2 protein chains.
Amino acid sequence: MTDDIVASVVRQWQAVNPGLDTGPMELIGRINRCAALLQQAEDAPLRAAGLNRAEFDLLGAMRRTDRELTPGELARETFSSGAAVTKRLRALQESGLIGRRSDARDRRVAHVGLTEAGRDLVDRLLPEQLAYERSVLSGLDEETRSGLSGQLGELLVQLEGRLGGGRR
Amino acid sequence: MTDDIVASVVRQWQAVNPGLDTGPMELIGRINRCAALLQQAEDAPLRAAGLNRAEFDLLGAMRRTDRELTPGELARETFSSGAAVTKRLRALQESGLIGRRSDARDRRVAHVGLTEAGRDLVDRLLPEQLAYERSVLSGLDEETRSGLSGQLGELLVQLEGRLGGGRR
DNA sequence: AACAGGTGTTACACATGTAAAAGATTCTCC
DNA sequence: GGAGAATCTTTTACATGTGTAACACCTGTT
């Protein structure tokens, strides 16, 4: 059984500062490091389609809600700033993946929706992406995977409550 | 028991695309979302000291290895690019937290080390930071925390092997 | 009619990574 | 032994993506 990076960092701290309670570091450090490694790896099929993860998240939000969304809703849905959404929407529109329509009643708001090409792209890409992710996670047995999912869900509920990551 | 965000996203996908195997999404999505929420929150004590997480990681690497490091070693240690390290080192040097010394034998390399002020800052900040992180995680019972740490360690070993996150 | 508030976009600052550059060392082959 | 090539370490230049804050525009209210 070999050590992971966080374990060896923790050992270094213990050597230099014995008695330090490194518990939080072991959990948070591992979450951050896993996220960094996954993000570096997981975008391979997306990149092949000329998208990055943030753009795909936008397309995915439109596909899974199955209706037109406003830029503001998309920002909340993807946890990013309005400005970032504006910029990404422009790129996606230039690629012909989304279209926009302005609201008849309230001319401040815009409604953004997938074009047929955008919808087809998501439907083609998502299974590829999931298959790729499955292969990245294949080193873990099913029990560990579902255990992790469940416990991370628990943590996520706590964090959402505590840190106001609220939705809507 | 309430749902987390990922669970509700998965439910949306299932409604629109029944039979999709969303397993990888449930795990990776939660890891990413936890990391995002934690990073947003976890830097509070650091910010009070005028540092960001990346700069603190640099200082921490020097403190825990307890010796002078070269910029290249620091880049590998903190998993960031050499250019980013150069820029951060300049800022930290201007703050008087680190000092540099050029190698006697090989004039290409520089040796960077903590000043007394830098060392004191880390020793003061790290316990604060860990206490803060402990409070952020306090919603989880000890069993869940250690379970998560262990399983994430397992995942991390897999990812490091698979994705070449090798060290040294 | 003025105003308070909401929505989307633009301007700017900032952090990061990739790639090129600059400086220094080591190797190779004559 | 030495000149040039290859390599290594760090820094600089540039492109990119993001968030904050200011802005323009619109609505509904008083």
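Proteins get letters first, then strands, A, B, ... in listed order; numbering begins at 1 in each. All values derive from a computational prediction rather than experimental measurement.
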Worksheet item: Are the side chain of Ser149(A) and the backbone of Ser146(A) linked by a donor-acceptor contact shorter than 3.5 Å?
Response: no
Worksheet item: Can you tell me how far P of dG6(C) sits from CD of Glu73(A), to the nearest Å?
Response: 16 Å
Worksheet item: Are Arg64(A) and Glu77(A) within salt-bridge range, i.e. N to O under 4.0 Å?
Response: yes
Worksheet item: Nearest-Å distance, CG (Asp103(B)) to C1' (dA24(C))?
Response: 11 Å
Worksheet item: What do the steps show when you test Glu154(B) against Gln158(B) for side chain to side chain donor-acceptor pair (under 3.5 Å), and what is the final call?
Response: CA-CA 6 Å; Glu154(B) 233 179 288; Gln158(B) 297 290 333; over 6 Å; no
Practice prompt. Please state how far atom NZ in Lys87(B) lies from atom P in dA13(C), giving the value in whole angstrom units.
Written response: 13 Å
Discussion item. Can you measure Leu89(A) atom CG to dT18(D) atom P for me and round it to whole angstrom units?
Written reply: 12 Å
Discussion item. By nearest heavy atom, map Arg88(A) and Val85(B) onto DNA chain D; which one lands nearer the 5' end?
Written reply: Val85(B)
Item to complete: Please tell me which of the listed nucleotides, dT9(D), dG17(C), dT18(D), lies nearest to the side chain of Val109(B)?
Response: dT9(D)
Fill in: Short N-O contact, Arg33(A) and Asp4(A), less than 4.0 angstrom
no
Worksheet item: For dT12(D), does either OP1 or OP2 sit under 4.0 Å from a side-chain N or O belonging to Arg90(B)?
Response: yes
Discussion item. Without decimals, in angstroms, what is the distance between Asp57(B) CG and dA15(C) C1'?
Written reply: 14 Å
Worksheet item: Should Leu51(A) and Leu125(A) count as side-chain neighbours, where that means a heavy-atom distance under 4.5 Å?
Response: yes
Worksheet item: Looking across every strand, which nucleic acid part, if any, lies under 4.0 Å from Arg100(B) by heavy atom: base, sugar-phosphate, or nothing?
Response: sugar-phosphate
Worksheet item: Atom CG of Leu51(A) to atom P of dT16(D): distance rounded to whole Å?
Response: 16 Å
Practice prompt. Compare side-chain N and O positions of Ser80(B) against OP1 and OP2 of dT16(C) and report whether any pair is under 4.0 Å apart.
Written response: no
Practice prompt. Quickly work out the Leu92(A) CG to dG17(D) C1' distance and round it to whole Å.
Written response: 14 Å
Worksheet entry | Along DNA chain D (nearest heavy atom to each residue), the more 5'-positioned of Asn52(A) and Gly82(A) | Asn52(A)
Item to complete: Could you tell me whether the side chain of Glu160(B) and the main chain of Ile5(A) form a donor-acceptor pair under 3.5 Å?
Response: yes
Practice prompt. May I have the distance from Leu58(B) (atom CG) to dT16(C) (atom P), rounded to whole angstrom?
Written response: 10 Å
Worksheet item: For nucleotides 23-30 of chain D, read 5' to 3', which letter fits each nucleotide if B means a protein heavy atom sits under 4.0 Å from the base, S means only the sugar-phosphate is that close, and - means neither?
Response: ---BS---
Fill in: Asp103(B) and Arg105(B) ion-paired at < 4.0 Å
no
Worksheet item: Atom CG of Leu74(A) and atom CG of Leu69(A): how far apart are they, to the nearest 0.5 Å?
Response: 4.5 Å
Could I get a table of every N or O pair under 3.5 Å where one atom is in the protein and the other is in nucleotides 19-21 of chain C?
none

Discussion item. More than 12 heavy atoms of other residues, nucleotides or ligands under 6.0 Å from CZ of Arg119(B): yes or no?
Written reply: no
